[in-house]
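Single-structure report; data block below.
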Amino acid sequence: MIIEKIAKNLVLKNGTIIDPHRGKTYLGDVWVKDGKIAGVGKVEAPADSETIDCSGKVITHGFCDLHVHFREPGREDKETLKTGARAAMAGGFTRVCVMPNTNPPLDSPESINFIREKAEECPIHIHPIGAITKAQGGNDLTEMGLMHKEGAVAFSDDGLPIQDGAMMRIALEYSTLLNVPIINHAEDECLRAKGVMHEGIVSNHLGLSGNPDLAESAMVHRDLELAEFTGARLHVPHVSSEKAINHIRRMKSTNEKVTSEVTPHHLFFNDEALKSFNTNLKVAPPIRTERDRLALVEAVKDGTIDCIATDHAPHAIEDKETTFDLASFGMIGLESCFGAVNKVLVQDEGLLIEDVIELLTSKPRSIMGFEPNLFFVGEEAEITVLDTNKEWIFGKEHIQSRSKNSPFYGESLIGQVVITISRGQMSLI
Amino acid sequence: MLQQRHLLGLEGYPAEDIQTIIDTGFKFREVLDRPIKKVPSLQGVTIVNLFFENSTRTRISFELAQKRLSADTVNFSATSSSLKKGESFKDTAQNIEAMKIDAVVMRHPTPGAPKHLTEFIDSVIINAGDGTHEHPTQAILDMMSLHEKFGRLNGLKVGILGDISHSRVALSNIFGLIIMGAEVTLCGPPNLIPPFIKDLGVNINYNVDEVIEWADALNVLRIQRERMGLGLVPSVREYRAMFGITQERLDKHKKEIVIMHPGPMNRGVEIDGSVADGDQAIILDQVLNGVASRMAILYLLCGGKSSEEGAS
């Protein structure tokens with residue numbers, strides 16, 4: 001993949017334009033001038049414009065991922081903001097939110113500022129999510145107000161769920177001051193115990209300790225109750241179980257401030273895949289049963305789930321090339337995202353391509369309050385061009401991340417990102 | 001010869017191969033009854049016993065089996081290993097294989113570790129227990145002992161009693177016995193029997209007396225003292241009262257039932273001393289069959305051609 005500066009005048013010609021903000025699909029061109037949208041549809045660009053033929057391709061908004069780990073500061077051997085940005089562009093993402101579980105964690109205005117400054121050098125937009133508690137310790141609230149001023153778009157203790165219900169209540173209450181989402185990785189530590197995969201018949205087969213769906217659903221239920229009580233905005237990340245989905249669906253019918261996301265890997269795999277003991281499938285929350293997977297698909301269809309987020313979690317080879325109990329939790333996911341979700345949701349489940357694009361663009365953007373009208377003349381160009389029918393086998397050569405821990409190797413995916421335009425740069429596969 | 005190159009577990013293992021191992025095992029049992037208990041079958045074959053977890057009987061059993069077959073053996077245990085120096089599992093395995101070996105017998109605390117090993121090295125791998133996953137050679141020796149006693153496995157009713165959740169012996173026995181056509185009923189405290197295990201085709205009955213009435217044989221598992229007081233088993237005396245195979249309990253049933261135990265036993269907890277030493281128990285036959293069946297496994301995986309040739 002190459003990333004280059006875009007021409008002064010660039011025209012993406014004869015594509016199928018899908019505008020998720022206006023809900024319109026039509027044939028036409030997109031003209032980008034000086035990195036900004038200069039025209040969409042019928043355009044009258046100068047004759048010397050650089051043109052790229054996009055016939056048969058989809059031209060749409062740049063994707064937005066609310067949940068990635070770029071490991072900077074602290075584990076730059078796994079990923080940096082720069083390498084993560086490359087991975088994002090390879091996956092069609094022009095905007096991501098980075099989780100605060102770095103070393104040190106993003107728990108102060110200074111650390112938020114560090115990310116903002118570093119992100120300036122990157123070809124995509126990177127927004128920090130601040131920690132809810134100092135050192136993600138679960139006890140003392142961070143300076144949320146000051147962090148918000150520095151650019152924190154949401155708050156989460158990510159991999160260290162807030163176990164103490166009273167602490168969660170305080171965080172939600174305080175967040176109403178800023179009107180930003182609180183994101184809590186929902187897992188009851190006691191119920192999870194030492195579980196390394198979903199507790200079920202497959203964990204019984206493999207002798208691996210199980211992490212029951214109850215560990216997720218019990219905490220999701222608690223958080224939903226607290227969100228309703230406090231009037232705060234709750235975003236439930238990487239929902240993995242039917243039980244949790246049922247709680248969210250019920251609560252969303254009365255509380256519009258609740259949002260949720262699902263990952264490509266929870267939509268794509270079920271726990272049978274772990275029979276290979278493939279440590280790249282070790283993730284938290286775990287890959288669950290086929291029944292859970294289908295419930296997630298259903299929840300995408302009926303709107304219980306608002307968006308797709310990758311939970312891109314890079315790990316070094318030695319962290320994964322080990323026995324299952326010692327292997328780290330998490331997998332990378334930016335590069336394989338579109339091909340995986342498009343395959344599951346469009347090809348297998350009959351959703352429209354427009355629906356999938358909404359889950360990757362307008363819907364996550366609206367949760368974070370990012371500008372939704374990306375094809376408005378004068379807006380900075382954030383564009384993704386897709387070959388939606390391309391069938392391809394995912395391999396190491398498709399990875400731009402510094403880490404290689406993907407469970408998608410050898411999987412046949414449908415739909416590929418061809419071009420990503422962001423911050424005046426363009427990536428081409 | 002066997003269809004699979006390694007013995008990682010009994011899940012999905014071919015029934016005819018289990019039978020071949022058992023049949024070959026009986027041939028080697030004869031060798032063990034000879035005055036000179038050694039055959040040259042695996043002369044020149046080098047086997048490493050890679051033990052990442054403590055073991056006495058399994059390791060001695062494997063070592064004896066290897067010596068009876070004239071193989072060269074090297075022992076490696078985690079306590080003396082470079083793992084303590086922070087070397088990775090992969091590096092340790094690759095280093096050992098670089099010294100030109102033919103087979104690895106491995107015990108490891110993590111489920112799936114032998115499977116991972118097959119990805120790093122080319123030698124034949126035999127699983128001597130991987131965490132709470134499988135212990136296939138134990139299940140094979142248990143099945144060989146049942147076969148010896150009953151002359152068949154098909155249709156046999158076998159109860160497995162104790163901590164099923166944390167037992168690799170139970171899991172391998174379940175896989176193996178069901179493949180061989182036996183019926184299996186699990187018994188023990190409900191919190192030590194995984195809720196989903198019924199899907200493997202076993203029965204669950206929490207009433208030990210009913211299981212005794214039903215079963216031809218009862219495999220009594222060690223109840224680990226570490227489980228006591230963790231909220232899993234309230235106390236030793238409670239366990240003994242509810243699930244212990246006591247002399248009184250067996251006497252009450254007035255029924256022939258074969259009692260097995262994979263060892264090491266907690267006398268007075270899951271099994272009474274008098275039961276363990278009694279006529280119904282075949283616990284020491286299991287130990288002897290352990291050597292014979294492991295000889296069969298090593299022979300069949302590390303170069304053997306047929307059961308006749310190996311024992312000659």
Side-chain angles (χ1 to χ4, degrees), chain A residues 189-191 193-215 241-243 270-283 286-292 315-329 404-405 407 409-410, chain B residues 8-12 52-53 78 83 86-94 106-120 127 129-136 164-172 174-175 178 186 191 193-202 204 230-232:
Chain A
E189 265 174 15
C190 295
L191 283 169
K194 289 180 176 150
V196 295
M197 70 172 288
H198 173 68
E199 178 180 332
I201 184 63
V202 180
S203 71
N204 283 172
H205 269 248
L206 300 178
L208 289 169
S209 43
N211 173 357
D213 49 9
L214 300 167
S241 65
E242 182 186 26
K243 287 195 175 83
N270 63 35
D271 59 349
E272 295 278 330
L274 278 93
K275 286 194 161 178
S276 60
F277 285 109
N278 181 356
T279 53
N280 283 332
L281 283 161
K282 183 178 172 185
V283 65
I287 304 287
R288 301 199 190 270
T289 64
E290 180 64 7
R291 185 188 161 120
D292 290 298
H315 285 294
I317 285 177
E318 54 272 23
D319 293 328
K320 283 293 192 179
E321 220 174 40
T322 180
T323 51
F324 208 90
D325 59 336
L326 295 177
S328 300
F329 286 98
K404 310 291 175 210
N405 54 308
Y409 293 135
Chain B
L8 303 179
L10 293 186
E11 184 180 6
F52 292 94
E53 198 181 69
L83 288 186
E87 190 179 51
S88 77
F89 172 65
K90 179 185 171 184
D91 287 336
T92 304
Q94 288 184 333
M106 184 169 83
R107 167 162 294 187
H108 197 283
T110 304
K115 168 79 170 34
H116 285 294
L117 197 61
T118 64
E119 289 157 16
F120 304 144
N127 181 5
D130 59 333
T132 47
H133 183 216
E134 287 226 42
H135 192 356
I164 310 297
S165 294
H166 302 92
S167 175
R168 54 190 170 216
V169 176
L171 199 53
S172 285
I174 291 167
F175 289 136
I178 285 174
L186 306 177
N191 53 345
I193 298 181
F196 307 94
I197 205 153
K198 262 199 147 154
D199 291 10
L200 296 181
V202 297
I204 295 175
L230 285 177
L232 294 174

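Residue numbers start from 1 in every chain, and the chains themselves are labelled A, B, ... in the order their sequence lines are given, proteins ahead of strands.
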Chain B contact via A:Glu199 - which portion, at a heavy-atom distance below 4.5 Å
both
In terms of heavy-atom pairs under 4.5 Å with chain A, which of B:Glu11, B:Lys90, B:Lys115 leads?
B:Glu11
Do the non-hydrogen side-chain atoms of B:Leu200 and A:His205 ever get within less than 4.5 Å of each other?
yes
Could you pull out the closest heavy-atom pair between A:Gly207 and B:Pro111, with the gap in Å?
O-CG, 3.1 Å
Rounded to the nearest 0.5 Å, the CG atom of B:Asp130 sits from the CG atom of A:Leu206 at a distance of 9.5 Å
Here the pair of heavy atoms bringing B:His116 nearest to A:Thr323 is CD2-CA, 4.0 Å
Shortest non-hydrogen pair, B:Thr110 vs A:Phe324, comes out as CG2-N, 3.7 Å
Can you tell me how far CD1 of B:Ile164 sits from CG of A:Asn204, rounded to the nearest 0.5 angstrom?
11.0 Å
If you count heavy-atom pairs within less than 4.5 Å of chain A, which of B:Ser165, B:Pro195, B:Gly112 leads?
B:Gly112
With the side chain counted from C-beta on, respond yes when A:Phe277 and B:His133 share a heavy-atom pair under 4.5 Å apart, and no when they do not.
yes
Shortest non-hydrogen pair, B:Ile197 vs A:Ile201, comes out as CA-CD1, 4.4 Å
